[in-house]
Amino acid sequence: MTLALAELAARREATILIVDDAADNLGVLRKLMTQQGYQTFVASTGERALQIARRVHPDLILLDVVMPGMDGFETCRQLKGHAATQGIPVIFMSARTDTDDVVAGFDLGAVDYISKPLRLAEVSARVRSQLQIRSRSETQDEQAERLRTIVNNMAEGLMIIEADGRIQFTNPACDKYLGYQDGELAGRSIGELLNPLVAREYLDYFERYAAAPETAHSHGTREVIIRHRDGSSVCMDLTLTPMYLRQPLFIGLLHDITHHKLSEDALQRAAMVDPLTQIANRRHFDSFLEKEWQRAMRSGLALSLVVLDVDHFKLYNDTLGHPAGDVCLARVAQAVAAHALRPTDLAARYGGEEFVLLFAETDAESAHLLAESIRGHIETLQLPHPRSPTSPWITVSIGVSTIHPNQFDSTESLFVAADRAMYVAKEGGRNQVRSNKPDSAALQAVQALMG
């Protein structure tokens, strides 16, 4: 790939949020950023900018200083004060170019300050420069730190094993499963944890891989009995993935299958249902997603998330009243739930007028078709929406994202991708379905931990 093509590919991956109360400026900048290949979102107020930034996580924000209500300085102050947005670089745009104003902008955490009237070539160059700086700033140490955070918060146990069977590293979930303190397993042999015959089998595999890494294959997943620190036995799924980094290493993933969850009693089930719509609530969905996420990691099959939002619902409530709004949400919920047909599917009300559906073992194309079916179903309900600028009926905007998760991915990346797709659907005119791929953490990140 040529340098020019590589730069264009990088631009297409970047997301820009433009904040300006002047419609002409928004239009010009949006056109410019889109032509440059960036995914672009816009906001005309500081409040709206904060909402979008916290959900979309843009790579860069172009922020006007002088705006009615919350000005650019206060918007920047709140961006930098929130954990989800504090790392996003901000470039101020303003006709106020006195030294005090510029210094104030940098003191708030801005990375650049562009004077108005804007020179488009300069804006493009400064955006490109800041995106390049941000990319270069992701050093190996930062990658390793992110990986440690992921590994330490995994629900599954993880251990790194050397070719002689010595355990080099375990994560907190592994220690908890087996009853050990942090770091206590490091230096011990897997022979202390496994049946001697099983341990010998693994050691023979390690030896074969160390002798000829290019010909050995992943050992895959198998059920094993592992000795707990208190002497009891724990039944686990153990998945081994080989990796060569100066020396042969093996990533072991542990999934506890000793205790299978029994059916919830009536009170517990009630606690997992949204009382208004009578479909699953957010708590139930989050628990279900975690279970299906772990299952998808073991099976290697796709997992698809659908996020949908009722178009102009605040306007609907303002026009017809909240009781009518409640009836509308209940009707929409039943239409949504009608498409969750398998035990591995789940529809839920995620908050307000937002609904989510999880489709296990469902690829991107099938998920998009399902989402389009949901959109059409809701439209055919013909629930009147007298003041909607989109349609005479209630409609929804839908975002879809699909992932083949591995142990280094997160459910957050799947939600961010689906949310971004939903915002694109809204920006594109609403009452439509858009799809987006989540960012996926590469296995090479493990190498940063060991580097």
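Each residue takes its place number in the sequence, starting with 1.
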**Item:** Pair T170-R188, side chain to side chain donor-acceptor pair (under 3.5 Å): steps then yes or no
**Value:** CA-CA 11 Å; T170 57; R188 300 195 181 201; over 6 Å; no
**Message:** Tell me the closest heavy-atom pair linking Y38 and I16, and the distance in Å.
**Reply:** CB-CG1, 3.6 Å
**Asked** Are R222 and E201 ion-paired here, with the side-chain N under 4.0 Å from a carboxylate O?
**Response** yes
**Item:** Side-chain ion pair, D204 and R208, N-O less than 4.0 Å
**Value:** no
**Item:** Note, L50 side chain near M70 side chain (heavy atom, < 4.5 Å)
**Value:** yes
**Asked** Angle class for the Y350/F285 ring planes (parallel below 30°, perpendicular above 60°, tilted otherwise)?
**Response** perpendicular
**Message:** Is it the case that the side chain of Q382 and the backbone of E379 share a donor-acceptor pair, with hydrogens and angles ignored and the cut-off at 3.5 Å?
**Reply:** no
**Asked** Between NE2 of H312 and OG1 of T395, what distance do you get to the nearest 0.5 Å?
**Response** 6.0 Å
**Message:** Could you check whether F92 and F73 have their ring centres less than 6.0 Å apart?
**Reply:** yes
**E192 atom CD, neighbour heavy-atom count above 12 within 6.0 Å** = yes
**Prompt:** After noting the C-alpha distance and the side-chain angles of I160 and I251, does the key distance pass the side chain to side chain contact (heavy atoms under 4.5 Å, CB included) rule?
**Reply:** CA-CA 5 Å; I160 298 176; I251 308 300; 3.8 Å; yes
**Asked** Going by an N to O cut-off under 4.0 Å, is there a salt bridge joining E354 and R55?
**Response** yes
**Prompt:** Going through the checks in order, is the side chain to side chain contact (heavy atoms under 4.5 Å, CB included) test met by K80 and L108?
**Reply:** CA-CA 8 Å; K80 298 303 177 183; L108 286 169; 5.9 Å; no
**Check: Q181 side chain, D175 main-chain N or O, donor-acceptor pair, under 3.5 Å** = no
**Request:** Just say parallel, tilted or perpendicular for the rings of F313 and Y316, cut-offs at 30° and 60°.
**Result:** parallel
**Prompt:** Given the rule in the salt bridge (Lys or Arg N to Asp or Glu O under 4.0 Å) test, do K426 and D311 qualify, once you have shown the distances and angles that lead to the verdict?
**Reply:** CA-CA 8 Å; K426 286 182 176 294; D311 294 328; 3.7 Å; yes
**Asked** Within the distance-only criterion (no hydrogens, no angle test), does the side chain of R420 pair as donor or acceptor with the backbone N or O of V56 below 3.5 angstrom?
**Response** yes
**Message:** If you count heavy atoms of other groups shown closer than 6.0 angstrom to CG of D107, is the number above 12?
**Reply:** yes
**pair E427-V42: side-chain heavy atoms closer than 4.5 Å** = yes
**Prompt:** Between F206 and F250, how do the two ring planes meet: parallel, tilted or perpendicular, split at 30° and 60°?
**Reply:** parallel
**Asked** Between S366 and D363, is there a donor-acceptor pair closer than 3.5 Å when you use the side chain of the first and the backbone of the second?
**Response** no
